[in-house]
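Have a look at the structure below before the remarks.
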Number of protein chains: 2
Amino acid sequence: MELGSNSDARNGDRLYNRIAVLRAERGLSRSALANALQVNYQTIGYIERGDFKPSLELAFRISEYFGLPIEAIFSRTPFRPLSEEVYGNHNAPPSGDSK
Amino acid sequence: MELGSNSDARNGDRLYNRIAVLRAERGLSRSALANALQVNYQTIGYIERGDFKPSLELAFRISEYFGLPIEAIFSRTPFRPLSEEVYGNHNAPPSGDSK
DNA sequence: ACAAAATGTTGTAGTAGTACAACAATTCGT
DNA sequence: ACGAATTGTTGTACTACTACAACATTTTGT
């Protein structure tokens with residue numbers, strides 16, 4: 001069955017995360033991160049794009065890896081960009097995912 | 001199959017939690033908590049005694065319910081009693097679970 | 001522009017979290 | 001001490017997380 005379809009992460013119980021950003025900041029590929037966390041690299045992909053939520057166990061591993069609290073990485077409500085959080089919002093354009 | 005047997009929470013990947021304490025502090029029964037969290041009351045039992053780990057989703061619900069960070073409720077390493085954490089350790093006896 | 005790396009997609013399969021039910025054991029109020 | 005509430009046990013079933021594989025698409029380096 002497809003993953004991104006319907007029965008999985010429908011909008012109500014979606015989980016947002018900053019993994020992609022944290023990876024980017026550190027120049028880590030998914031494989032590299034997955035490797036460090038001892039999980040399959042596709043699992044990182046699934047989690048990053050919200051296809052499903054990690055186990056609490058994995059969330060802890062990720063949290064420890066980045067040295068950040070779980071709440072800084074995962075959230076039930078969308079994250080504000082870290083950049084904004086640090087420098088404030090100077091006239092932001094509509095922040096939609098383009099495609 | 002039994003739950004507390006073998007294949008589940010063996011000692012390596014056990015997860016400790018303070019749910020029982022938090023419940024006790026608030027005089028909440030498992031059913032009451034389960035009810036508030038919208039889960040089966042037996043699920044709370046399973047989690048409390050470490051039979052299995054909650055999903056991240058549920059961990060978030062619990063965290064929000066108690067108004068505490070996930071890390072204050074769940075940990076990969078055993079918790080120190082909150083009492084000690086607050087008042088310090090004044091000559092503690094061997095803190096084993098008796099029975 | 002081309003090759004290599006990174007990411008996305010689809011499909012299959014195993015395991016672990018959760019619900020639910022029925023009943024045993026324990027604890028608690030009066 | 002008794003009954004009620006709480007907690008523990010066993011068993012069944014479903015769904016979601018994770019692994020893995022093969023291939024399509026996109027991005028990146030030179």
Side-chain angles (χ1 to χ4, degrees), chain A residues 1-17 19-63 65 70 73-74 76 97-99, chain B residues 1-17 19-63 65 70 73-74 76 97-99:
Chain A
M1 192 229 288
E2 328 145 56
L3 239 178
S5 61
N6 179 12
S7 57
D8 38 52
R10 68 212 154 301
N11 241 326
D13 46 349
R14 192 175 172 356
L15 191 73
Y16 301 87
N17 73 88
I19 298 181
V21 190
L22 296 174
R23 276 200 308 107
E25 286 185 330
R26 283 145 233 237
L28 276 174
S29 76
R30 285 189 189 155
S31 315
L33 177 58
N35 193 54
L37 295 171
Q38 306 256 61
V39 292
N40 191 276
Y41 80 97
Q42 308 189 93
T43 295
I44 301 296
Y46 289 143
I47 294 173
E48 262 189 29
R49 66 187 98 98
D51 277 346
F52 61 61
K53 306 163 227 172
S55 64
L56 180 54
E57 163 75 14
L58 181 48
F60 263 110
R61 298 226 290 285
I62 297 173
S63 155
Y65 178 84
I70 290 181
I73 308 178
F74 299 98
R76 330 267 293 296
D97 287 0
S98 41
K99 141 100 169 320
Chain B
M1 190 229 291
E2 329 145 55
L3 240 179
S5 61
N6 179 10
S7 57
D8 36 50
R10 72 210 151 300
N11 240 325
D13 46 351
R14 192 175 171 358
L15 190 73
Y16 301 88
N17 72 87
I19 298 181
V21 191
L22 296 174
R23 275 200 308 107
E25 286 186 331
R26 283 145 234 238
L28 275 174
S29 76
R30 284 189 191 157
S31 315
L33 177 58
N35 193 54
L37 295 171
Q38 306 255 59
V39 292
N40 191 277
Y41 81 97
Q42 308 188 96
T43 296
I44 301 296
Y46 289 142
I47 294 173
E48 262 189 30
R49 68 186 96 99
D51 278 346
F52 61 62
K53 306 164 226 170
S55 64
L56 179 54
E57 163 74 14
L58 181 48
F60 263 111
R61 297 225 292 283
I62 297 173
S63 154
Y65 179 83
I70 290 179
I73 308 178
F74 300 98
R76 330 268 290 297
D97 288 359
S98 42
K99 141 99 169 320

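Within every chain, numbering begins at 1; the chains are lettered A, B, ... in the order of the sequence lines, protein sequences first and strands thereafter.
With sequence neighbours excluded, no residue satisfies side chain to side chain contact (heavy atoms under 4.5 Å, CB included) with B:Asn35. Evaluation of the side-chain hydrogen bond (donor to acceptor under 3.5 Å, both in side chains) rule for B:Glu25 yields no partner, not counting sequence neighbours.
Atom CZ in B:Phe52 sits about 13 Å away from atom C1' in D:dT15, given to the nearest Å. Distance, A:Glu48 CD to C:dT7 P: 7 Å, rounded to whole Å. Computed from coordinates, the A:Asp13 CG to C:dT18 P distance equals 13 Å when rounded to whole Å. In this structure, B:Ile44 atom CD1 and D:dA5 atom P are separated by 20 Å, rounded to whole Å. Separating the CZ atom of B:Phe60 from the C1' atom of C:dG17 is a distance of 17 Å, rounded to the nearest angstrom. Atom CD1 of A:Ile62 is separated from atom C1' of D:dT18 by 12 Å (rounded to the nearest Å). The distance between atom CD1 of B:Ile47 and atom C1' of C:dA16, rounded to the nearest whole Å, is 12 Å. Atom CG of A:Leu28 is separated from atom P of C:dA5 by 17 Å (rounded to the nearest Å).
For A:Thr43, the side-chain atoms get nearest to D:dT18 when compared with the rest of D:dT18, C:dT18, D:dT7. With distances taken from any side-chain atom of B:Arg49 to the nucleotides D:dT9, C:dG17, C:dT18, the minimum falls on D:dT9.
Here the CG-CZ distance, from A:Asp51 to A:Arg14, works out to 8.5 Å after rounding to the nearest 0.5 Å. Expressed to the nearest 0.5 Å, how far CD1 of B:Ile47 lies from CD of B:Gln42 amounts to 12.0 Å.
Only B:Gln38, B:Val39, B:Asn40, B:Gln42, listed by number, bring a heavy atom of residues 32-42 of chain B to less than 4.0 angstrom from any atom of DNA chain C.
Side-chain contact check for B:Leu37 versus B:Thr43: every heavy-atom pair is 4.5 Å or farther apart. You'll find the side chain of A:Leu58 stays beyond 4.5 Å of the side chain of B:Leu56, heavy atoms only.
With hydrogens and angles ignored, a donor-acceptor pair under 3.5 angstrom links the side chain of A:Tyr46 to the base of C:dT10.
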| task | Test side-chain contact (heavy atoms from CB on, under 4.5 Å) on B:Leu15 and B:Phe52 and set out the steps. | result | CA-CA 8 Å; B:Leu15 190 73; B:Phe52 61 62; over 6 Å; no
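Distances shorter than 4.0 Å separate none of the side-chain N or O atoms of A:Ser55 from OP1 or OP2 on C:dG17. Here B:Arg23 reaches the OP1 or OP2 of D:dT7: one of its side-chain N or O atoms lies under 4.0 Å away.
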